[in-house]
Amino acid sequence: SSNQTLDYPVIFKLNNCYPNPFNPTTQLKYGLSENVHVTITIYDIVGRRIAELINKKQQAGYHQVIWDGNHHVSGLYFVKMTAGDYISTQKLMLVK
């Protein structure tokens with residue numbers, strides 16, 4: 001029997017962004033269960049793409065990226081992560 005712990009997640013997962021609400025930066029942590037092309041994109045309230053944080057193939061494992069909202073107005077934003085067939089969207093609140 002093996003009590004080895006996996007150093008990568010068994011599923012794709014975008015964790016809750018922290019902090020949220022945030023000013024001016026928030027941290028997005030995510031896990032990839034396999035090597036896959038990942039995109040992480042920020043949209044404003046009307047659905048315009050305002051930032052692309054990640055757009056590349058990444059290794060299985062745990063990753064993180066920072067979004068700096070310094071040049072954006074206060075309000076509600078959405079972060080969308082796509083990895084293979086996995087899609088997750090979360091609300092972000094930028095408060096200045």
Could you work out, with side chain to side chain donor-acceptor pair (under 3.5 Å) as the rule, every residue matching Asp44, not counting sequence neighbours?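 Asp44 satisfies side chain to side chain donor-acceptor pair (under 3.5 Å) with Arg48 once adjacent residues are dropped.
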Applying ring pair (Phe, Tyr, Trp, His ring centres under 6.0 Å) as the test, list every pair that has at least one member in residues 17-55; sequence neighbours left out. Phe22-Trp67, Tyr30-His63
Met81 vs Leu53, side chain to side chain contact (heavy atoms under 4.5 Å, CB included): CA-CA, chis, key distance, verdict: CA-CA 10 Å; Met81 172 182 159; Leu53 305 183; over 6 Å; no
Heavy-atom pair with the smallest gap, counting every atom of Cys17 and Leu28: SG-CG, 3.7 Å
For residues Asp68 and His72, report the shortest heavy-atom separation together with the two atoms involved. O-CD2, 4.3 Å
Roughly how far, to the nearest 0.5 Å, is the [atom2] atom of [Y] from the [atom1] atom of [X]?
{"X": "Lys13", "Y": "Ser88", "atom1": "NZ", "atom2": "OG", "value": "7.0 Å"}
{"X": "Asn70", "Y": "Asn23", "atom1": "CG", "atom2": "CG", "value": "7.5 Å"}
{"X": "Gln27", "Y": "Ile66", "atom1": "CD", "atom2": "CD1", "value": "4.5 Å"}
{"X": "Lys80", "Y": "Arg49", "atom1": "NZ", "atom2": "CZ", "value": "10.5 Å"}

Honestly curious: do [X] and [Y] fall in one hydrophobic cluster under the side-chain, below-4.5 Å linking rule?
{"X": "Val79", "Y": "Ile50", "result": "yes"}
{"X": "Val73", "Y": "Leu94", "result": "yes"}
{"X": "Leu76", "Y": "Val95", "result": "yes"}
{"X": "Phe78", "Y": "Tyr86", "result": "no"}

Sub-4.5 Å side-chain heavy-atom contact between [X] and [Y]:
{"X": "Val36", "Y": "Phe12", "result": "yes"}
{"X": "Leu92", "Y": "Ile42", "result": "yes"}
{"X": "Lys57", "Y": "Val38", "result": "no"}
{"X": "Asn16", "Y": "Gln90", "result": "yes"}

Strictly distance-based, threshold 3.5 Å: is any side-chain N or O of Thr41 a donor or acceptor partner for the main-chain N or O of Glu52? no
Would you say Thr26's side chain and Pro19's backbone share a donor-acceptor pair under 3.5 angstrom? yes
Could you check Met93 against Asn20 for side chain to side chain contact (heavy atoms under 4.5 Å, CB included), going step by step and ending with a plain yes or no? CA-CA 6 Å; Met93 180 65 74; Asn20 187 19; 3.9 Å; yes
Should we say atom NZ of Lys91 is surrounded by more than 12 heavy atoms from elsewhere, each under 6.0 Å from it? no
